[in-house]
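Below is one structure, written out as structure tokens; comments come after it.
These numbers come from the heavy atoms of this one structure, side chains and all, not from hydrogens, waters or symmetry mates.
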Amino acid sequence: PSTFDFVSIVYYMRNQNLKIGKKFRIGMFGGKEVVSNIITVVGKEKIKIPFGEFETMVIIQKPETLKIWFTNDANCIPIKMEAQLKYGHLLAVLDKIVKE
């Protein structure tokens, strides 16, 4: 019922109940058309980034063009993302949190 762009998926997923094995069918706008994608919670992983070390929940989009690591806590902060794009690869890593 909802259609998302790349950034909207991150915000939508962090508000979901991320349980290993759970799947989400999401419509994603791909420029000229809406494509139906499956996003799956694939597991837990402890990762280290420059900002610190975190226990995370990992989700992937099938086909595996998007992978996001969310903190495995109540905040569910996206701390790392990898995406395979048409013309390359995107890697985004959290470097700080600013509280206002």
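- Taking 4.5 Å as the limit, every side-chain heavy atom of Leu94 sits out of range of all side-chain heavy atoms of Pro78.
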Using the side chain to side chain contact (heavy atoms under 4.5 Å, CB included) rule, take Lys44 and Met57 through it: C-alpha gap first, then chi angles, then the decisive distance, then the call. CA-CA 5 Å; Lys44 294 180 182 181; Met57 294 298 287; 3.4 Å; yes

Applying side chain to side chain contact (heavy atoms under 4.5 Å, CB included), run through Arg25 and Asn37 and close with a yes or a no. CA-CA 6 Å; Arg25 182 172 298 276; Asn37 293 297; over 6 Å; no

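- With hydrogens and angles ignored, the 3.5 Å screen pairs no side-chain donor or acceptor of Glu53 with any backbone N or O of Ile49.
- For Arg14 (side chain) and Asn75 (main-chain N/O), a donor-acceptor pair under 3.5 Å exists by modelled atom type.
- Counting heavy atoms from C-beta on, the side chains of Ile26 and Gln61 never come closer than 4.5 Å.
- By the neighbour-count criterion of 12 heavy atoms within 6.0 Å, atom NZ of Lys22 is densely surrounded, having more than that number from other residues, nucleotides or ligands.
- Taking 4.5 Å as the limit, some side-chain heavy atom of Glu82 sits within range of a side-chain heavy atom of His89.
- Under the 4.5 Å side-chain criterion, counting only non-hydrogen atoms from C-beta, Ile60 is not in contact with Leu66.
- Residues Val10 and Ile68 meet the side-chain proximity criterion, which asks for heavy atoms closer than 4.5 Å.
- Within the 3.5 Å criterion, the main-chain N or O of Thr56 finds no donor-acceptor partner in the side chain of Thr71.
- In this structure the side chain of Met13 reaches within 4.5 angstrom of the side chain of Ile59, judged on heavy atoms.
- Looking at Ile39 and Lys23, their side chains never come closer than 4.5 Å, going by heavy atoms from C-beta outward.
- Taking each heavy atom of Val58 and Trp69 in turn, the nearest pair found is CG2-CD1, 3.3 Å.
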List the steps, then state whether side chain to side chain contact (heavy atoms under 4.5 Å, CB included) holds for Phe24 with Gln16. CA-CA 10 Å; Phe24 302 85; Gln16 301 306 304; 3.8 Å; yes

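- Counting heavy atoms from C-beta outward, Ile79 and Phe54 have side chains that approach closer than 4.5 Å.
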Side chain to side chain contact (heavy atoms under 4.5 Å, CB included) evaluation trace for Leu18 with Cys76: CA-CA 9 Å; Leu18 301 181; Cys76 202; 3.7 Å; yes

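- Hydrophobic clustering of Ile, Leu, Val, Met, Phe, Trp and Tyr side chains at less than 4.5 Å, counting indirect connections, keeps Ile38 apart from Phe70.
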